[in-house]
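One structure is given below, encoded as structure tokens.
Side-chain atoms are counted along with the backbone in the values below, which use heavy atoms only and exclude waters and symmetry mates. Source: prediction; values computed, not measured.
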Amino acid sequence: VAVSHKPCINLGSIPLVALNVTVRKKLGLYLNPKHTVAADWTAVAETMGFSYLEIKNYEASRNPTKTILDDWAARNSETSVGKLVSILEEVERKDIVEDLRALIDEDVRKYLETQKKKAEPPVQVPEVDSCVPRTPERSGITVDDIPGGIPEMFDAFICYCQSDFEFVLEMIRELEQTEYNLKLCVFDRNVLPGSCVWTITSELIERRCKRMVVVISDEYLDSDACDFQTKFALSLCPGARSKRLIPVVYKSMTKPFPSILRFLTVCDYTRPCTQAWFWVRLAKALSLP
């Protein structure tokens with residue numbers, strides 16, 4: 001009898017970002033309800049290292065499982081799919097691991113395939129190369145890109161929604177047109193039209209910009225584009241160890257501050273007593289090597 005062997009994958013080397021929406025939703029269905037016998041999300045959060053007060057705060061969340069997964073990934077550089085599976089087993093929820101094993105394996109397979117494609121060099125076809133334009137994610141992304149030359153680089157990518165654009169213009173005046181002389185990547189100004197938004201954004205954040213400034217507002221919380229940009233940047237620097245992501249608040253908010261960013265130091269423009277230092281602090285943070 002022929003036996004097929006699947007290659008052994010070390011789940012400890014697979015980042016948590018590999019898990020897709022379906023797995024995360026199903027984890028919530030298992031862990032969000034309060035169980036009198038089986039361990040729920042609170043036991044998982046405690047094993048992840050969250051404090052009693054943090055766990056009490058999470059009780060107000062509509063989906064505490066999603067919140068602790070996001071925060072765990074944001075504050076801990078050693079999170080992985082393997083570590084999550086170990087925690088579920090440690091709190092005696094092997095039933096969840098068994099039920100979701102096929103979905104987890106499929107997400108990991110897709111993640112590894114995507115990483116493999118990214119690592120593969122592009123196929124060159126000399127006969128027609130001169131007739132085929134370069135892929136936009138490699139050249140011709142921004143207004144000042146030189147075809148075939150060195151890609152345009154920036155000090156910071158500005159993550160914002162359209163309703164906050166007036167503040168972005170003020171940011172340009174204060175940081176670019178002063179002695180700070182910083183170079184900001186503002187999507188509506190710097191990016192050429194006609195390309196895939198998600199591909200271009202990923203390329204700019206990961207390869208072209210040293211840091212990312214996130215303009216936080218009530219409208220930001222409803223923006224799918226801002227949500228993608230923020231989570232993508234956090235996935236590149238777990239726990240923001242490289243000071244890569246800088247949240248900025250410039251007006252009062254009625255909605256809660258995003259939990260995924262609350263472990264980072266905020267540059268707050270809403271406090272009159274610290275406004276005088278706002279641009280200096282932000283400029284120096286963006287000027288660091």
Pair [X], [Y]: side-chain N/O donor-acceptor within cut-off below 3.5 Å:
| X | Y | answer |
| --- | --- | --- |
| Tyr220 | Thr230 | yes |
| Thr142 | Asp144 | no |
| Thr67 | Ser259 | no |
| Tyr250 | Asp164 | yes |
| Glu106 | Asn20 | no |

Least distance between heavy atoms, [X] atom then [Y] atom:
| X | Y | result |
| --- | --- | --- |
| Leu288 | Arg211 | O-NH1, 3.0 Å |
| Ala283 | Leu175 | CB-CD2, 3.8 Å |
| Ile55 | Trp41 | O-CH2, 3.4 Å |
| Cys161 | Ser217 | SG-OG, 4.0 Å |
| Met212 | Gln229 | CE-O, 3.4 Å |
| Val23 | Leu103 | CG2-CB, 3.7 Å |

Measure the shortest side-chain to side-chain distance between [X] and [Y] over non-hydrogen atoms and say whether it is less than 4.5 angstrom.
| X | Y | result |
| --- | --- | --- |
| Leu204 | Ile141 | yes |
| Gln275 | Tyr269 | yes |
| Phe232 | Val17 | no |
| Val215 | Met171 | yes |
| Ile158 | Phe187 | no |
| Thr201 | Val197 | yes |
| Asp70 | Lys231 | yes |
| Leu69 | Met48 | yes |

Within a reach of under 6.0 Å around [atom1] of [X], are more than 12 heavy atoms found that belong to other residues, nucleotides or ligands?
| X | atom1 | answer |
| --- | --- | --- |
| Lys251 | NZ | yes |
| Gln177 | CD | yes |
| Glu174 | CD | yes |
| Lys255 | NZ | yes |
| Lys83 | NZ | no |
| Trp277 | CH2 | no |
| Glu89 | CD | yes |

Discussion item. Quick test of your reading of the model: are Arg262 and Asp71 salt-bridged, counting only N-O distances below 4.0 Å?
Written reply: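 Looking at Arg262 and Asp71, the cut-off is met.
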
salt_bridge(Arg101, Asp99) N-O dist < 4.0 Å =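 Not counted as a salt bridge, because no side-chain N and carboxylate O are separated by less than 4.0 Å.
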
* When clusters are formed from ILVMFWY side-chain contacts under 4.5 Å, directly or step by step, what else is grouped with Val143? ->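 Members other than Val143 - counting any ILVMFWY side chain reachable under 4.5 Å - are Leu192.
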
**OP:** Would you check, one step at a time, whether the test side-chain contact (heavy atoms from CB on, under 4.5 Å) holds for Arg93 with Ile96?
**Re:** CA-CA 6 Å; Arg93 292 307 304 265; Ile96 299 177; 3.7 Å; yes

- Item | Steps toward salt bridge (charged side-chain N to carboxylate O under 4.0 Å, His left out) verdict (Lys110, Glu113) | CA-CA 5 Å; Lys110 287 178 180 176; Glu113 276 186 5; over 6 Å; no

Once you round to the nearest 0.5 Å, how far does [atom1] of [X] lie from [atom2] of [Y]?
| X | Y | atom1 | atom2 | value |
| --- | --- | --- | --- | --- |
| Ile68 | Asn63 | CD1 | CG | 9.5 Å |
| Thr22 | Lys26 | OG1 | NZ | 7.5 Å |
| Ile246 | Thr265 | CD1 | OG1 | 9.5 Å |
| Leu112 | Gln115 | CG | CD | 7.5 Å |
| Ser51 | Lys56 | OG | NZ | 12.0 Å |
| Ile104 | Tyr111 | CD1 | OH | 15.5 Å |

**OP:** Apply the test side-chain hydrogen bond (donor to acceptor under 3.5 Å, both in side chains) to residues Asn32 and Asp40: give CA-CA distance (whole Å), side-chain angles for both, the deciding distance (0.1 Å), then the verdict.
**Re:** CA-CA 6 Å; Asn32 284 341; Asp40 58 18; over 6 Å; no

_I'd like to know if Ile216 and Phe165 are part of one continuous hydrophobic network [Ile/Leu/Val/Met/Phe/Trp/Tyr, side-chain heavy atoms within less than 4.5 Å]._
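Phe165 and Ile216: one cluster.
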
| field | hydrophobic_cluster_shared for Met153 and Tyr180, side chain cutoff 4.5 Å | value |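 In one cluster with Tyr180: Met153, no.
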
Between Phe50 and Tyr58, is the gap from one ring center to the other below 6.0 Å?
->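 They qualify: ring centres under 6.0 Å apart.
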
Spell out, as yes or no, whether a donor-acceptor pair under 3.5 Å connects the side chain of [X] to the backbone of [Y].
| X | Y | answer |
| --- | --- | --- |
| Asp155 | Lys183 | yes |
| Glu176 | Leu184 | yes |
| Asp227 | Ser223 | no |
| Arg208 | Glu152 | yes |
| Glu46 | Ala43 | no |

Practice item. Test Leu234 against Leu261 for side-chain contact (heavy atoms from CB on, under 4.5 Å), laying out the working first. Key: CA-CA 9 Å; Leu234 282 172; Leu261 295 177; 4.1 Å; yes

*asked:* Apply salt bridge (charged side-chain N to carboxylate O under 4.0 Å, His left out) to residues Asp105 and Arg109 and explain how you reach the verdict.
replied: CA-CA 6 Å; Asp105 287 347; Arg109 184 188 67 78; over 6 Å; no

- Message: With side-chain contact (heavy atoms from CB on, under 4.5 Å) as the criterion, how do Ile172 and Arg189 come out once you've worked through the C-alpha distance, each side chain's angles and the decisive distance to 0.1 Å?
- Response: CA-CA 11 Å; Ile172 290 171; Arg189 178 189 67 172; 3.8 Å; yes

Q: Evaluate the side-chain contact (heavy atoms from CB on, under 4.5 Å) criterion for residues Ser80 and Ile14: first the C-alpha distance (whole Å), next the side-chain angles of each, then the deciding distance (0.1 Å), finally the verdict.
A: CA-CA 5 Å; Ser80 67; Ile14 307 297; 5.7 Å; no

Evaluation steps, ring pair (Phe, Tyr, Trp, His ring centres under 6.0 Å), between Phe167 and Tyr160:
CA-CA 9 Å; Phe167 181 72; Tyr160 63 95; over 10 Å; no

